[in-house]
2 protein chains.
Amino acid sequence: MNLKELAQKLGLSPTTVSRALNGYPEVNEATRERVMAAAKRHNYRPNTRAIRLATGRAMAVGHVIPIATRHEIVNPVFADFIAGAGEAYSRAGYDMVLSVVPDEDEERSYRELKSRGTVDGIIVHAPRLQDPRIPLLHDIGFPFVVHGRATGTTLPYSWLDVNNRRAFQRATEFLLDLGHTRIGLVNGLEFMDFAVRRRTGYLDALATRGILPDPALMASDEMTETSGFRAASRMLAMADAPTAFVVSSMISAMGVRRAIDDRGLKIGRDVSIIIHDDELSYMRNGDDVPIYTATRSSVRDAGRQAAEMLLDIIANPDSAPQQRLLEAELIIGQSTGPAPKR
Amino acid sequence: MNLKELAQKLGLSPTTVSRALNGYPEVNEATRERVMAAAKRHNYRPNTRAIRLATGRAMAVGHVIPIATRHEIVNPVFADFIAGAGEAYSRAGYDMVLSVVPDEDEERSYRELKSRGTVDGIIVHAPRLQDPRIPLLHDIGFPFVVHGRATGTTLPYSWLDVNNRRAFQRATEFLLDLGHTRIGLVNGLEFMDFAVRRRTGYLDALATRGILPDPALMASDEMTETSGFRAASRMLAMADAPTAFVVSSMISAMGVRRAIDDRGLKIGRDVSIIIHDDELSYMRNGDDVPIYTATRSSVRDAGRQAAEMLLDIIANPDSAPQQRLLEAELIIGQSTGPAPKR
DNA sequence: TTTGCCATCCAAAGCGGTTTGGAAATGATT
DNA sequence: AATCATTTCCAAACCGCTTTGGATGGCAAA
């Protein structure tokens, strides 16, 4: 059942039927109702492909998932971010198209999305320092929103980010207040922008207390259980081992926990942990009482907000770039306690 | 730059240019090369929207992610499955569109995808027992491939699944061989098909050794760290506590590990664990030496294969349904050992 | 009655490709 | 030279919708 057939059945022109269904004013209310009823009765759904060609809009948004060819790691926050964004899209009648792209093909991939007209805009994931994607998308004139920021980029662009620096500063201060002075940082890969900001926050906190940072207490790696384990094991084996850890993710923290357990130490008593909690749905930080003390910010909610921002930018292409900085909340769990006396 | 313009520049008709680019035989090789060169030079990319309307094919595949409105949990294997599938799609020039749908709207969502012509086929995720989506998709005549199976469905349909029953049977037998007789099962939600099959495998193994299953040793819940912790804690508190666990996922296993650690027990010595390992990229089971003994089957690879199967079905709509059963390998890690003497 | 203005509807021209059904040119065959 | 088959190209229809630029008729104002 297409427009033409429906129009024929109604004894109207396709024009009028189209206008009736799309709420244009130049159509009699009576006929509009008649059209609406007939559309429902015949279960008419306009063909998306035709709409897209006619309007020139894709009614779709792209998410490019870069696969690091070296590690082949899919970002674990991805699923929840997508879930949040997806809600916003389906509410607005937009589709979400995912492109899984080996990272060396990313530029070509963006250009194609643009020139083939597959999508109306793009969410940029996991920005790195001076991320080349931002000037690129700017050049080809594609609406986009970055989830995160890219230090070193001077162009104005739209982004939505968590205040990672502040979060880690607060986390570190919290531990300092408990008397810890040897605090290990188990960070993500530091060519990622968020990881740099987190380190900055950690260093800032130490600096204001006049504590010299120890490079041996700062690890940077992929955020996996294994790498968390490795980093923590190494640090705990030191003569002057840390009494606390600031950890970039729930997953790394599980590795850190394993390292601590393996040495027969007890979390919250011998060693404190404070993590950043993205509130991944399959990785809840406890139900009622949080297991870990954490800086918390829902990545799913971030997805929703970023999507809404992008839709807004697509609808108003000439508006100024938008920015939104979310603050993480500091929640107290069972993984932190006063520094043990030596 | 569109077809017409390109044709004009070449002094050819759009017809010929289109045919030259799409490899039709009725065009001189010399002109084809000329066209190809010009297309590359002018950076011509056919407009996807136009192709779709003209051919009637969407050149896209849909993945519907149901969000359980109760738990709001995104399936953690999802990201890796998608990553695998995405590779297959982009190789074939297909787009992947994701719909995030509250599970009560799922049926409507499938019908819309079909009637609006958004996609050419669908991957069905996380099938339940007698999953209603299978007859539905069958009815509306939509090509689809199920990741998993649906016990109780008599219709023939295409699927790709891991032999979950066999995997858990082998895992349980492995523990039995080590002398364990009290073996806990930490399973996923048992309205999910895979979870039922896993339990069956577990029960089969016990049965062949003449061991009566103890309901108190079988837990079924969402596969989160917390639920793993809860289930294991409860079982370990029993008078006749289990000396081994079969655990449905790496994530639950982390909860199980925490429960074991909390009681001051040692994994592999006091308590054995064997898990099912989907080889999630951010959740590797150790690097060289596996941490956990596991039944292993890459969900990413499953995604790739399921996608290829679907593309094949879309290309040959009248072929018989395809089925593929993947066997998990049993890999020995450090989390299992002989049953402790009492 | 005429004029002008709305309100309501429609024909037709897009959107940018693919595909059908020739047409012209070339070469081979008789 | 005439016929026929091939090769090579093209005009035009089509996919299903939106949107522009009228057309028509009714009614109020002049």
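Throughout, a chain's letter reflects where its sequence line sits, starting with A, and its residues are numbered from 1.
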Discussion item. Between B:H125 and B:F81, is the ring centroid distance below 6.0 Å?
Written reply: yes
Discussion item. According to salt bridge (Lys or Arg N to Asp or Glu O under 4.0 Å), who are the partners of B:R91, at least two apart in sequence or on a separate chain?
Written reply: B:E308
Response to the item:
Residues passing the salt bridge (Lys or Arg N to Asp or Glu O under 4.0 Å) test with B:E107, sequence neighbours excluded, are B:R111
Item to complete: Would you classify B:G117 as touching base, sugar-phosphate or nothing, given that sugar-phosphate means primed atoms plus P, OP1 and OP2, and contacts are heavy atoms under 4.0 Å?
Response: nothing
Worksheet entry | salt bridge (Lys or Arg N to Asp or Glu O under 4.0 Å) partners of A:D120, counting only residues at least two apart | none
Worksheet item: Can you pull the salt bridge (charged side-chain N to carboxylate O under 4.0 Å, His left out) pairs that have at least one residue in residues 13-29 of chain A, sequence neighbours excluded?
Response: A:R19-A:E26, A:E29-A:R32
Worksheet item: Got a sec, which residues hit ring-ring contact (aromatic ring centres under 6.0 Å, His included) with A:Y110, two or more places apart in sequence or on another chain?
Response: none
Fill in: ring-ring contact (aromatic ring centres under 6.0 Å, His included) partners for A:Y94, two or more places apart
none
Worksheet item: How would you give the extent of chain B contacts on DNA chain C, as first and last nucleotide 5' to 3' within a 4.0 Å heavy-atom cut-off?
Response: C:dG16 to C:dG21
Item to complete: Mind checking ring-ring contact (aromatic ring centres under 6.0 Å, His included) for A:Y89 and listing every partner two or more places apart, or none if nothing turns up?
Response: A:H63
Discussion item. Show every ring-ring contact (aromatic ring centres under 6.0 Å, His included) that has at least one partner inside residues 12-55 of chain B, sequence neighbours left out.
Written reply: none
Worksheet item: Quantified as the angle between the terminal helix axes (five pairs each), what is the overall bend of the helix from C:dT1-D:dA30 to C:dT30-D:dA1 to 10 degrees?
Response: 60°
Pairs under 3.5 angstrom, nitrogen or oxygen only, protein versus nucleotides 17-21 of chain D, please.
from   : atom 1 : to    : atom 2 : distance (Å)
D:dC17 : OP1    : A:Y44 : OH     : 3.1
D:dC17 : OP1    : A:N47 : N      : 3.2
D:dC17 : OP2    : A:L3  : N      : 2.4
D:dC17 : O5'    : A:Y44 : OH     : 3.4
D:dT18 : OP1    : A:N22 : ND2    : 3.1
D:dT18 : OP2    : A:S18 : OG     : 2.5
D:dT19 : OP2    : A:Y24 : OH     : 2.7
D:dT19 : O4     : A:T15 : OG1    : 3.2

Response to the item:
Residue set satisfying salt bridge (Lys or Arg N to Asp or Glu O under 4.0 Å) with A:E33, at least two apart, ordered chain then number -> none
